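The following block contains the structure, expressed as structure tokens.
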Amino acid sequence: MNPAFTGKGTGAAFTAFILKEIRRDTSLPIRLSVATFNNRAIAVYEKLGFRKVDDFRTRSAEFITMVENRG
């Protein structure tokens, strides 16, 4: 999402649209990685049914891997 549009309450709708498009091409659970400092994105993903399954670190940041709950 363009940073000019962040923090305006549209993250869930934007992400839901992206997920809908991805689901048109696959029935597999969707998996994503997000920087641990990005609390707003993590909250949106949790609201949309994702859960943390792993974490990892790079030279520049820490990340968590999230997978959608399907079922």
Side-chain angles (χ1 to χ4, degrees):
M1 175 178 279
N2 183 316
F5 298 109
T6 63
K8 301 189 186 316
T10 58
F14 176 81
T15 305
F17 173 78
I18 299 299
L19 294 173
K20 179 181 170 186
E21 293 300 308
I22 293 169
R23 287 185 188 113
R24 287 174 33 168
D25 294 329
T26 184
S27 61
L28 297 172
I30 298 169
R31 172 185 162 146
L32 59 87
S33 295
V34 59
T36 57
F37 65 79
N38 197 342
N39 294 319
R40 290 189 302 190
I42 293 167
V44 166
Y45 301 144
E46 289 175 336
K47 179 179 177 181
L48 294 173
F50 284 78
R51 62 182 167 78
K52 176 183 172 182
V53 294
D54 200 5
D55 56 60
F56 63 95
R57 169 179 231 127
T58 67
R59 290 183 184 178
S60 59
E62 293 180 34
F63 293 86
I64 61 173
T65 301
M66 301 179 84
V67 177
E68 67 179 329
N69 290 321
R70 285 201 151 174

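Small disclaimer: the values here were computed from a predicted structure and weren't measured.
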ask   = Which residues pass the side chain to side chain contact (heavy atoms under 4.5 Å, CB included) test with Arg31, sequence neighbours left out?
value = Thr65, Val67

key: Test item: Leu19 and Phe50 side chains (from C-beta on) under 4.5 Å apart, heavy atoms   =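 Touching, per the 4.5 Å side-chain cut-off.
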
ask   = Can you name the closest pair of heavy atoms from Ala16 and Leu48 and give their distance?
value =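 Answer, listing the atom of Ala16 first, then Leu48: N-CD1, 4.0 Å.
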
ask   = Same hydrophobic cluster for Ile42 and Phe63, using side-chain heavy-atom links shorter than 4.5 Å among ILVMFWY?
value =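 Different clusters: Ile42 never reaches Phe63 through Ile, Leu, Val, Met, Phe, Trp or Tyr contacts under 4.5 Å.
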
message = Membership question, hydrophobic clusters at under 4.5 Å side-chain separation (ILVMFWY): are Phe17 and Ile30 in the same one?
response = yes

message = Could you tell me if the side chain of Lys52 sits less than 4.5 Å from the side chain of Glu46, heavy atoms only?
response = no

ask   = Should Asp55 and Glu62 be marked as a side chain to side chain contact (heavy atoms under 4.5 Å, CB included) after you check the CA-CA gap, both sets of side-chain angles, and the distance that decides it?
value = CA-CA 7 Å; Asp55 56 60; Glu62 293 180 34; over 6 Å; no

key: Spacing of CD1 belonging to Ile18 relative to CG belonging to Leu32, to within rounding of 0.5 Å   =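 Here the rounded value is 12.0 Å.
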
request  = Evaluate the side-chain proximity of Lys47 to Thr15: yes if any heavy-atom separation is below 4.5 Å, no if none is.
outcome  = no

inquiry  = Measuring from atom CD1 of Ile64 to atom CG of Asn38, what distance do you get when rounded to the nearest 0.5 angstrom?
reply    = 9.5 Å

request  = Compare all side-chain heavy atoms of Arg23 with those of Glu68 and state whether any distance is below 4.5 angstrom.
outcome  =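 The answer is yes, as the side chains (C-beta and beyond) meet within the 4.5 Å cut-off.
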
